[in-house]
Every structure is written in C-alpha cells, then in structure tokens.
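To start, the structure itself, in structure tokens.
On a predicted model such as this, the values are computed, not experimentally measured, just so you know. Sequence lines set the chain letters: A, B, ... in the order given, protein chains first and strands last, and positions in each chain run from 1.
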Amino acid sequence: MNRIVILGAGTAGTMMANHLSHELAKGDWEINIIDEKHDHYYQPGYLFLPFDIYKPQDIVKQIEEFIPKGVKLIKGIIEKIEPEKNEVLMANGTAISYKILIVATGAKIAPEEVSGMKGSEWQKSVFDFYTFDGALALRDKLRDWEGGNLVVHITEMPIKCPVAPLEFAFLADSFFHNKKMREKVEITFVTPLSGAFTKPKATEALDHLMVDKNIHLVSDFAIEQVDNENKKIIDYGGKEVPFDLLVTVPTNKGDELMERSGLGDDLNYVPTNKGSLQSLAHENIFVIGDASNIPASKAGSVAHFEAEILTENIKRFINNEPLKEEFDGHANCFIETGHGKALLIDFNYSHEPVEGTFPFPGVGPLRLLKESRMNHMGKLAFRWIYWNMLLKGTHIPFVSATMQEAGKEFENA
Amino acid sequence: MEKMIAGKTIAVNEEGYLTDFNQWDRNVAEEIAKENEVEMSDKHWKVIEYLQKEHQNQVPLSIRKIGKSNVVDIKEFYELFPNGPLKISTKIAGIPKPASCL
C-alpha cells in the first residue's frame with residue numbers, strides 16, 4: 001500500500017489529515033501523521049490568556065481528538081527526513097517510508113537569536129506570549145503589576161500572526177482601563193517595520209487607532225540586544241527604549257528538523273512554490289502552513305485556505321496530472337482593538353486589506369478595516385469554529401479559499 | 001511619477017524608489033544618497049553592488065541576510081546607512097523597497 005506521511009499535528013497537519021482521509025480511497029493509501037506532543041493548543045488564544053479573558057483549559061485539547069479514524073497517529077521525535085530514500089527517520093531508530101510527504105511542522109520562537117533576550121530578566125520583566133508557558137507567566141505578572149513602561153516589541157519579520165503584537169497593545173490599553181490604572185501605564189509599540197503593519201492601507205487605519213489609544217510608536221527598530229541590567233532594548237543604530245515590562249515577539253523560525261535534513265533556508269523555512277505548495281527541492285514533498293517560506297502571512301486562516309488547494313494538488317499528483325498553481329496568499333484576520341471591538345482584514349499576495357463588507361458583498365455582516373462589536377463577536381466565535389469545523393476540514397460556509405474581490409473598495413480593481 | 005535627479009528625468013514611485021533600473025547610474029545614486037544624508041564611500045558602493053546583484057538573482061533581501069553576506073555586518077550596515085538601512089540603501093541602489101514582511 002502507498003503511504004502519505006504528514007509531519008506535525010498542529011493546525012495545518014490536522015486539517016490535511018482530515019481532508020485526505022475523506023478524499024483518498026482507503027484501500028490504496030495509508031495516512032500517517034507524526035507529532036511528539038500530546039496536546040493541541042488553540043494558538044490564537046495565547047493573545048487572550050495574559051488578560052484573563054480565556055482560561056488555560058479553553059485553549060488546550062488532546063491531539064488525538066482531532067485525528068480521524070483510519071489515520072495513524074505516531075507520537076515520537078523525528079530525527080531526520082531523508083528525501084533521497086523517501087524516508088522519515090525517527091529518534092528511536094525506526095524508519096517510515098513515504099510516497100508523499102507533507103511538511104506541517106510550523107514555526108516557533110527563538111529568543112536565543114537576540115543577545116540578552118533570554119537573560120536574567122526572562123519571565124521576570126521580559127516575556128513572550130507566543131507560547132503557552134509564556135502567556136501564562138505573563139498573565140501572572142499582569143495580575144499584580146503596578147504600572148510603568150510597557151513595551152510591546154517585534155524582533156524581526158516574518159512572525160506568526162503579524163497583527164498579534166498590535167492586538168496585544170490594544171488589549172493592554174483596554175485591560176488597564178478596566179483596572180482603572182491606564183494613567184499609570186505608558187504603552188510603546190516597537191517594530192522593525194516603518195509603521196504599525198506590513199500593508200500600507202491597514203497601517204493607515206491602525207496608526208490612527210494607536211494615536212486614539214495613546215500608544216506610542218517606535219518604528220524601524222532592529223534590535224541588537226536586551227540590556228537586562230538597565231532594562232532597555234537597544235537597536236543596531238544605537239536607539240534605546242527603556243522598559244519596566246517588555247513583551248516581545250522573538251525571532252520566529254521553522255523547525256530544527258529542516259536544518260538537520262538540509263531542507264530549510266536560513267530561518268529553517270522550506271522553500272516552496274507559492275501557488276502549488278510543492279517544495280522546490282523534491283516533487284513528492286509538499287509544505288503547508290507556517291513551515292513554508294511563501295510570502296503569505298503565517299496564520300491559521302492561511303493554512304485553512306492552503307489546505308483546500310493542497311488537497312486538490314495531492315490528488316492531482318497521485319493521478320500524474322499537472323498541479324494547480326492557485327493559492328493566492330489569501331489571509332483573513334480579526335484584529336482585536338480592545339473595549340469589545342475588533343477589525344477584520346482580508347487580503348492576498350496582490351491585494352492589500354481595504355474597506356468593504358464580508359463575507360457577503362455589500363451586506364456583511366462583518367465590516368472590513370472598520371472597528372465594530374460584530375467583528376469582536378466574530379473573533380470570539382472563531383474559537384468554536386476552530387475546534388468544531390476548521391480542524392476537521394469542514395468548509396466554512398461562504399468563505400472561499402481564494403480571495404473574493406466583490407464588496408471591497410479597491411482603488412484600481 | 002517622475003522626478004529630476006542629477007539632471008535626468010527619472011521614473012519613481014510615490015516613496016521615491018526608482019521604477020526603471022535602466023535609468024540608474026552612479027550620479028543618480030549619489031544624489032539620492034545626499035537627500036538621505038549619506039556620504040558615499042567605497043564601502044557604501046560595495047553594499048550597493050551586493051544589493052543589486054542579489055536583487056537581480058531574485059533573492060529576497062532582509063537585514064538578517066545582509067548581516068550574513070560577508071560584505072558588511074549588521075552594525076556596519078547601520079553605521080553606513082543610519083535610520084532604516086535597508087530602506088535607504090535599496091533606494092540608493094535603484095531597486096524596489098524590500099517587502100520584508102507580511
């Protein structure tokens with residue numbers, strides 16, 4: 001029997017296991033999915049954990065619950081991929097051969113990339129919220145923090161969910177307002193980019209919101225080191241930003257497995273065709289989600305849209321048909337802006353986020369690039385959708401894999 | 001958009017980046033450098049040539065990559081082109097502003 005092996009049972013890998021188990025004939029194909037962890041984390045929840053909006057139990061479930069019957073879940077550490085032999089070598093010495101390999105090993109933080117970041121102040125006054133542990137430690141810190149300089153910081157791009165740091169700053173504003181201590185906190189947003197976000201139209205809207213919420217912006221800041229003793233971050237140009245509490249998004253990298261296997265670039269992302277999701281180096285290796293180097297956002301919504309197109313391409317590959325180069329970089333993200341409101345943005349490789357309505361042109365009910373309560377309800381409802389529909393590969397009604405252009409105010413559409 | 005640079009009419013985008021590399025020459029680069037308070041030296045030109053070559057080979061540019069280029073380290077890169085070295089150096093090199101980001 002032929003075998004497809006999926007590496008990683010996170011958002012992207014789990015969706016692929018579900019799609020493929022529906023689409024492929026059971027007698028012909030065996031599907032394996034490999035992960036070393038026991039639990040599946042709802043990563044968008046890391047944003048809410050520090051502010052006591054979600055409880056830890058809201059965002060953790062067992063990986064097993066989401067792997068369909070008929071797919072074999074292998075728990076173990078992967079030592080190496082050996083593309084020339086079409087084998088995955090496990091740390092315990094067993095080798096698993098494959099006809100098709102799907103890499104879904106994601107991205108994770110690497111604070112050790114910046115001098116002093118994981119220093120003596122780590123989890124004392126320097127925190128991340130891109131890990132479960134980090135978000136929990138930060139929650140405990142915020143519960144009785146008495147105020148001062150809060151610095152929210154991005155180390156370098158690309159990062160997972162590029163709007164999350166800004167959302168953190170907005171939610172912090174809201175959080176301290178509710179605790180009646182906003183005037184005791186200075187919030188500064190420090191970014192290597194030239195503005196609040198990577199896309200000009202959205203940056204305009206978001207820069208405006210930052211002014212409204214009295215969040216200071218320090219742009220074009222490329223961090224060289226964290227000075228633990230004097231509690232400041234210093235950039236290569238000599239700029240310094242002092243902090244009492246630093247919430248940083250460290251460098252994000254792909255899995256070290258890619259480095260060990262010789263499959264990654266300098267950040268361990270796998271070079272991938274951005275339209276077909278086939279790896280550039282090996283025709284029977286495909287890449288989905290944060291693990292690839294494609295110029296799309298590293299976000300669950302992107303993995304969701306990719307999964308529909310990758311499933312089609314796997315079927316084509318099996319039938320020796322030409323692959324579709326159809327993925328357009330579609331991303332769809334809620335941006336929490338605090339005080340019970342949110343923005344929604346929808347964009348792809350060629351179109352930046354603009355104003356309009358979603359998902360029904362002219363109707364909504366969600367508004368693009370405008371703050372509303374309905375958008376916030378959408379974001380909270382998304383957790384249910386994630387556990388109950390998204391991971392299972394159920395199509396989300398009215399939301400297509402490639403971006404829809406109707407109902408949007410493009411300048412030159 | 002068009003702009004007079006070093007006595008020539010040059011096509012640029014709204015941020016001042018050249019849209020046609022064929023119009024680039026060293027005089028144009030010198031003048032863009034001056035506008036950005038950069039005094040060109042041999043070391044500056046080495047970086048500019050490196051950026052142009054990488055761009056030609058369609059290598060996406062990032063500060064991290066330039067730091068590993070053996071042409072300059074990140075610290076020197078900042079000393080040569082203060083305040084946003086990647087933005088300024090690519091403008092002088094006549095190539096698009098890197099989309100470093102997403």
Heavy atoms from other residues, nucleotides or ligands near [atom1] of [X] exceed 12 (cutoff 6.0 Å):
{"X": "B:D20", "atom1": "CG", "answer": "yes"}
{"X": "B:K8", "atom1": "NZ", "answer": "yes"}
{"X": "B:K75", "atom1": "NZ", "answer": "yes"}
{"X": "A:E112", "atom1": "CD", "answer": "yes"}

- Item | Residues which pass ring pair (Phe, Tyr, Trp, His ring centres under 6.0 Å) with A:F168, listed by chain and number, not counting sequence neighbours |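 A:F168 satisfies ring pair (Phe, Tyr, Trp, His ring centres under 6.0 Å) with A:F51, A:F129 only.
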
- Task: Using the test ring pair (Phe, Tyr, Trp, His ring centres under 6.0 Å), find all partners of B:Y17 that sit at least two apart in sequence or belong to another chain.
- Result: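 In terms of ring pair (Phe, Tyr, Trp, His ring centres under 6.0 Å), with neighbours along the sequence ignored, B:Y17 is linked to no residue.
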
- Item | Separation of B:I74 CD1 from A:I223 CD1 (nearest 0.5 Å) |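 Answer for the CD1-CD1 pair, A:I223 versus B:I74, is 12.0 Å.
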
- Message: To the nearest 0.5 Å, what is the distance between NZ on B:K97 and OG on A:S194?
- Response: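 OG of A:S194 is found 4.5 Å from NZ of B:K97.
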
- Message: Using every non-hydrogen atom in the two residues, find where B:Y78 and A:G237 come nearest and quote the distance to one decimal.
- Response: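 For B:Y78 versus A:G237, the nearest heavy atoms are CD2-N, 3.3 Å.
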
- Under the side chain to side chain donor-acceptor pair (under 3.5 Å) rule, collect the residues that match up with B:S41, sequence neighbours excluded.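 Result, side chain to side chain donor-acceptor pair (under 3.5 Å) vs B:S41: B:H44.
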
- Criterion side-chain contact (heavy atoms from CB on, under 4.5 Å) on A:E156 and B:I63, from CA distance to verdict: CA-CA 9 Å; A:E156 65 180 305; B:I63 290 196; over 6 Å; no

- Message: Within the structure provided, determine whether A:E113 and B:R64 are in side-chain contact (heavy-atom separation under 4.5 Å).
- Response: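 They are in contact (side-chain heavy atoms under 4.5 Å apart), so the answer is yes.
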
- Query: Which residues in residues 262-270 of chain A have a heavy atom less than 4.5 Å from any heavy atom of chain B?
  - Reply: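 Residues A:D266, A:L267 are the ones that qualify, each having a heavy atom under 4.5 Å from chain B.
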
- Message: Can you tell me which portion of A:S219 sits under 4.5 Å from chain B's heavy atoms? Options are side chain, backbone, both or neither.
- Response: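 Looking at A:S219, nothing touches chain B.
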
